Amino acid sequence: MKTVKRIFAVLLTVCMVMGLSVSAAAGGITPRATSGTLTITQAVPNATYNVYKMLDIVDWEIEGSGDTSTLKSSVYYLKPDSAWVNFFVKQNPAEGETTVTNTDVAQFVEVTKVSGDNNYYVEWIALKEITDDSGTKVMVIDDAKADAFAGKALEYVKNTPSINHNGTGKAPAEKAEGAESIEVTIEDLPFGYYLVDTNGGAVVALDTFAPEQEIEEKNTAPVIEKKVRNVRSETTESGEKWEDNNTASIGDVVSFKTSIVVGAGAVGYVLHDAMSDGLTFINNETNKISVELYKANVNGDTITYTDTATLTLTADTHYTVKTENLTADVTKADGTGKDTCDFEIEFKDEIFAKNGFIVDGTEYFIAESDKLVVKYFATLNEKAVIAGTGNPNRTVLAYGDTPVASPDTPKLETPPDETTTYTYKFDLVKTNKKNEVLEGATFMLHGAAVTGDKTADNAIKLVEVKEGDKVTGYRVATAEDTNTVTTIKAGSPTITGLGKGTYYLTEITAPDGYKKLTTPATVTIENANIDAAITQTDDGNGVTIDKLTEGTGVQVINVKKSIFPHTGGMGTTIYYLAGGAIIALVAASAVIVFKKRQGGKV
């Protein structure tokens, strides 16, 4: 039964004394019209507590006084017009029958009807033998049966509309100044035996027998911690890095991890996750939600966990993933409203049962402080915010159960936790040595993982960003984009959607009259955009030109081609002709000298 499995494992020592002295009851006892105040310490933040009186107390004996007082003995009775009669008393008892216990609760209590008295008297009988510190065997309340009894009582409340609570209180979000814990006080409760129901996952049965009664809530709130895997800060030495923030390129799969530290009395756990518009939740065979159990090793105030998971839980058996008809949204970081929940994981209450659950023949227990680690995935999409506030992912755990008397009471929630995924852009500016922007160059962009030849096949795929018909930049493509390119045309385009890292710009063509780069230009993105500052100036001839402010953007400089003489050109022809004329002149001079020596005419 679900209710029984979620019972808070404390009926408290004050309720361990339902012993009945029938002889005293038979003699007739005048009830004392006394009421008191119940204070619940260690209360769960924001939890609602409803108190139901099950039995009246007609006689008791107290040892000690004040905070050290204890209940030594007590007598409980049930009025014939009580709404609890059908819970304790069997239907149509025979005339003169003295033991009239309802069979549903006969293993816990014995109900006696005394001749001449219209009331019923109730005694707790579910005991077990233990050996105390002195070695003496003593009988004490059987805690497991006390839990089961409280569960049956709560189920009875749910099915009996005529039962109203006798008091209610709501815990504050934080403890009061000077207090040791969060406290809830419920006043003016007549002495008796009570059932306390709370949406914090706990059901407690107790007595009030003194003017001021205090009980300690043993249920504890769960705690969540959310991280994102920062792949771009990982090294082979350090392994996986799970941090509050990460960077990614558009189209990357981002891994998230939410750890749930289980509280005592766990019930109704539902993990809600809200992703910003720049993240798309995915859950497929390649990137699938997983839930792993890590057992806690508690040593005083220190808690450590096993290095490897004790168990991987199974979807639909131990938890259910929902992406439609979701039950709640997640409060925004600024508290102004709700972010729509993208998915939720509802854990089966059975995995928190005190008697454990079976997987492949092995018994497992999830106890207080154990950790459930949930891993899941999203894609950074084309709507991603570039730098700035980034792309948050927010998680909250709802827990507890709805109080019977307050069906509209929402589940309790842990404080939300959030990670942020950042992506960046850079302005590519092609210039000459004068920082004047040049048109006509084309590039390919590669990631650092490409160590060999950089080609179009291994270039980063991009999508053109246009203003009207003009291409002003490029966005990193997602797997769903079909109109992708690998060629970047410069000018001064903006490349958006890149995570932290090193990239390489390989020039395919240079502007006319300029030399093409022989090696790729390196682009290093840290945790910020790389913006260019471009101004328009007059070149002195009335022509407006774009000019880059030095030191901004990713500047790639081209130099003009040099013009040198070459074979077959006019330069060498001139030299050849001049040389021929000189040789001819020398030859003519030699002939003249020779003829003069011979006495001939020239």
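Along the sequence shown, the residues carry numbers beginning at 1. Not measured: the values here are computed from a predicted model.
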Less than 6.0 angstrom separating the ring centers of H272 and F343, yes or no? no
Does the separation of the ring centres of F352 and Y269 fall below 6.0 angstrom?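 Yes.
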Quick one: which residue pairs count as a side-chain hydrogen bond (donor to acceptor under 3.5 Å, both in side chains) with a foot in residues 359-377, not counting sequence neighbours? T220-E368, K226-Y376, T258-Y376, D273-Y376, K295-D370, Y376-T395
So, [X] and [Y]: side-chain donor and acceptor under 3.5 Å apart, yes or no?
X    : Y    : result
N381 : T280 : yes
S162 : T160 : no
S249 : R232 : yes
N50  : T168 : yes
E123 : Y121 : no
E217 : Y49  : yes

Run the salt bridge (charged side-chain N to carboxylate O under 4.0 Å, His left out) test against K411 and tell me which residues pass, sequence neighbours left out.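 Checked K411 against salt bridge (charged side-chain N to carboxylate O under 4.0 Å, His left out); zero matches.
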Check step by step if ring-ring contact (aromatic ring centres under 6.0 Å, His included) holds for F87 and F149. CA-CA 11 Å; F87 177 75; F149 175 74; 5.8 Å; yes
Quick check for you: to the nearest 0.5 Å, what is the distance between L195 atom CG and H165 atom NE2?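 One finds 12.5 Å between CG of L195 and NE2 of H165.
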Over 12 foreign heavy atoms within 6.0 Å of CD, E174: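 Result for CD/E174: open.
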Check this for me, if you would: do D244 and K227 make a salt bridge, where the nitrogen-to-carboxylate-oxygen distance has to be below 4.0 angstrom?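 Yes.
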Worked check of ring-ring contact (aromatic ring centres under 6.0 Å, His included) between Y156 and W84: CA-CA 9 Å; Y156 182 77; W84 287 93; 5.2 Å; yes
